[in-house]
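What follows is a short report on a single structure.
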Number of protein chains: 2
Amino acid sequence: MTASRVLREEGGYSEKTRQKVMAQVDALGYLPNRLATVFSGDQRSTFIGVSIPELGNEVFAQVLEGIDRKLGTFGYQSVLGLTQHTMEEEESWIRTVLSWQPAGLILTGRYHSARATEMLRNAGLPVVEIWDLNSSPLDMSVGLDHFDSGFDMGRYLISLGYESVGYVGTSHDVANAATERLDGFCKAVEGAGGTVVKQLCLHDTATYYPGFYGTEQLLAGRRDIDCIYYQNDAMAFGGLQYCTARGLDVPRDIGIAGWGDLPIASVMRKRLTSCHVSHLKLGQKAAELMMARLTNEPVPNCVDIGFRLIPGSTVRNMAI
Amino acid sequence: MTASRVLREEGGYSEKTRQKVMAQVDALGYLPNRLATVFSGDQRSTFIGVSIPELGNEVFAQVLEGIDRKLGTFGYQSVLGLTQHTMEEEESWIRTVLSWQPAGLILTGRYHSARATEMLRNAGLPVVEIWDLNSSPLDMSVGLDHFDSGFDMGRYLISLGYESVGYVGTSHDVANAATERLDGFCKAVEGAGGTVVKQLCLHDTATYYPGFYGTEQLLAGRRDIDCIYYQNDAMAFGGLQYCTARGLDVPRDIGIAGWGDLPIASVMRKRLTSCHVSHLKLGQKAAELMMARLTNEPVPNCVDIGFRLIPGSTVRNMAI
DNA sequence: CACCGTTGAGTTACCCGTAACGTTCCGTTA
DNA sequence: TAACGGAACGTTACGGGTAACTCAACGGTG
């Protein structure tokens, strides 16, 4: 007991005793067992469960980096869960991670299985839903309006005189942010007199090479597509390379637009038309909300981190 | 007690009792507290501490993805630690994570502080050191010989007729894999009659833009450099873009070589000369060794996952 | 010198799941 | 019917840290 007091620097012991305790700690290489502390219910754990769809997509890796670095400064640890974009994986991960009594959870996306939602409510933990902006979150939410970001891009492209646009992305069983961007995009294009003449949703990962061959499929046998919107920058880079390889001049023959503003864009002489989102900041903000909630500070339940359209030079720079 | 038996499907209860227990579990939304199980010492936890330098570098994100996916299939969870390439961060993270009684640790790199090493020995847990190949690991090791990979690249470049090569990378206070690649590279170049005329180690992150401006610095005021070796592909891409922007023809005027073979390379019409490493596989292998050790299977203490030189087209394709 | 407050240190009980052991209630068999 | 054995279920104790409490020693005060 006295040792416990010394280690917690709680006071109520003499200097001589402190020395004796510390000497034993050094001699034994003693490390306190935090499990016991949390288990006894006196304190919360310093685990935060963090579910992320995948890390192959750079943007999610950046979000996680933002989260973990910020949590680290508060002495908290991330317990990772990669859900591969499925609610089943997420549900099973939530069940497991809750049994470890985490202090809170950070989840990607606003769509969760009914059972997952129920478990989260029962657990009564702080939960931050990130990525999608969610005006009625389970608890807290940090993200951006993906519909709006797609809408803005659609309106922008039409304003440049594009008329027949295509889309290349990937498909998942559940609604997600990418489909919201596509919805916003289509609405803007059609509202402004353009047409989304073809949408391609590949059963593949949303990375470089699928962007390449997806573009080939999209353009196969048609000459009417004057601009392509991609699910993200990686696919757009793939598409850009495909077009270049095929001898198409970008942006003269065809326009290319992505989403996410990958770091590699900063060195390309032809700036990719995209939408900038501060992924690192998103993660940090999510961690900050979590920490604020855990210290009982007042917390907004919904934070919009916004986005910024990058005009770039892979689309025309004025209406023709 | 009977409830415990039912939930563990241990047997020794009637079907009627089972139904009653399960009904209560559903009604209460009961989730077992795994902390108690582990705490009582009857079982190990299913945490694996995973320390990674950063996630901004795509290769480490891929390694982590490989680790976490594989651990997930065994019902284990990663507790993440981002060390920012410093031994101090690693040591403090190790101290914290050990207090959570993890089943094992996976650490990046072979260099750890003396105190960290001591804690790891005291803890007596399975430890996998990844990234560097480590013939005398603390416990187990999965990686590749970075010296050799740098050596092979050096020899390859000289065999193509390059004579005065430069290097662009970043510096850290501790020795790491990148410095080993550079050592191997220099040794090969000098052993084959070439010269490493300038080495630039930036105080920055090893990403695209530092590769861009680092190349500018490297080439400032000199005409003798005929080839540049970069710490990784991201920096090499940055350098490639700088050279192109400045009107240099790659590979006619200057050769460019990177390391890591990033996914984006798969769509570039000009294949980056690099060194392929299966980062995902490295992570999976590390997780597999950990699981094998935890189930008392015989485990090799050192696994070389190898590398493959990618000739690419950012260097000459034959000696001149 | 009796009394009291303070400081330092020890004791007890609790958290929850489960190993180990104990008890009850059957049905079966000689 | 007594004896026995196994199935089903209950009780106790433990793990490590700490809140809450108790106790001992000591110095100061009237």
Side-chain angles (χ1 to χ4, degrees), chain A residues 1-47 49 75-77 79 94-104 119 122-125 294 296, chain B residues 1-47 49 75-77 79 94-104 119 122-125 294 296:
Chain A
M1 191 60 226
T2 297
S4 172
R5 277 191 275 255
V6 170
L7 288 169
R8 282 176 299 136
E9 300 178 18
E10 197 204 45
Y13 49 83
S14 64
E15 175 58 18
K16 207 179 98 192
T17 310
R18 200 190 67 80
Q19 304 253 344
K20 271 162 62 184
V21 170
M22 294 314 277
Q24 282 301 307
V25 165
D26 281 349
L28 300 168
Y30 170 82
L31 282 179
N33 182 345
R34 295 272 286 124
L35 244 43
T37 310
V38 175
F39 168 62
S40 74
D42 303 324
Q43 286 178 45
R44 277 217 157 93
S45 80
T46 56
F47 291 131
Y76 281 69
Q77 294 81 42
V79 178
I94 288 175
R95 191 186 310 282
T96 305
V97 86
L98 282 180
S99 73
W100 291 111
Q101 317 292 112
M119 285 190 286
N122 282 342
L125 294 173
L294 288 173
N296 294 315
Chain B
M1 193 59 225
T2 297
S4 173
R5 277 191 274 256
V6 170
L7 288 169
R8 284 176 297 136
E9 302 179 17
E10 197 205 45
Y13 49 83
S14 66
E15 175 57 21
K16 208 178 98 192
T17 309
R18 200 190 67 80
Q19 305 253 342
K20 270 162 64 183
V21 170
M22 294 314 278
Q24 282 300 308
V25 165
D26 281 350
L28 299 169
Y30 170 83
L31 283 179
N33 182 345
R34 295 271 284 123
L35 244 43
T37 310
V38 175
F39 168 62
S40 74
D42 305 324
Q43 286 177 45
R44 278 220 159 92
S45 80
T46 56
F47 291 131
Y76 281 70
Q77 293 81 42
V79 179
I94 288 174
R95 191 186 310 280
T96 305
V97 86
L98 281 181
S99 73
W100 291 111
Q101 318 291 113
M119 285 190 286
N122 283 342
L125 294 172
L294 289 173
N296 295 314

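All chains are named by letter (A, B, ...) in the order of the sequence lines, taking the proteins before the strands, and each is independently numbered beginning at 1.
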Value in whole Å for how far the C1' atom of C/dA9 lies from NZ of A/Lys16: 12 Å

If the cut-off is 4.0 Å, is A/Thr17 near the phosphate of C/dG8, judged by side-chain N/O to OP1 or OP2? no

Any side-chain heavy atom of A/Arg44 sitting closer than 4.5 Å to one from A/Val38? no

Between A/Ser14 and C/dA9, is there a side-chain N or O to OP1/OP2 distance below 4.0 Å? yes

Atom-to-atom span, CG of B/Leu35 to P of C/dT18 - whole angstrom: 13 Å

Compare every heavy atom of B/Thr37 with every heavy atom of B/Gln43, then report the nearest pair and how far apart it is. NE2-CG2, 3.3 Å

B/Lys20 NZ to D/dA8 P, straight-line distance once rounded to whole Å: 14 Å

Could you report the tightest heavy-atom contact between B/Tyr76 and B/Leu294, atom names first, then the distance? CE2-CD1, 3.7 Å

Is there a donor-acceptor pair closer than 3.5 Å between any side-chain N or O of B/Arg8 and the backbone N or O of B/Ser4? yes

Nucleotides 14-26 of chain D: protein proximity per nucleotide (B base, S sugar-phosphate only, - neither; heavy atom, under 4.0 Å): -BBBBB-------

Can you build the contact string for nucleotides 22-27 of chain C? Use B for base contact, S for sugar-phosphate-only contact, and - for no protein heavy atom under 4.0 Å. ------

Within a 6.0 Å radius of atom CD on B/Glu10, are there more than 12 heavy atoms belonging to other residues, nucleotides or ligands? yes

Could you give me the CA-CA distance, side-chain angles and deciding distance for B/Thr96 and A/Gln77, then say whether side-chain hydrogen bond (donor to acceptor under 3.5 Å, both in side chains) is met? CA-CA 9 Å; B/Thr96 305; A/Gln77 294 81 42; 4.6 Å; no

Does a side-chain heavy-atom distance below 4.5 Å link B/Ser45 with A/Trp100? yes

Do B/Leu125 and B/Pro102 make a side-chain contact, defined as non-hydrogen atoms from C-beta onward lying under 4.5 Å apart? yes

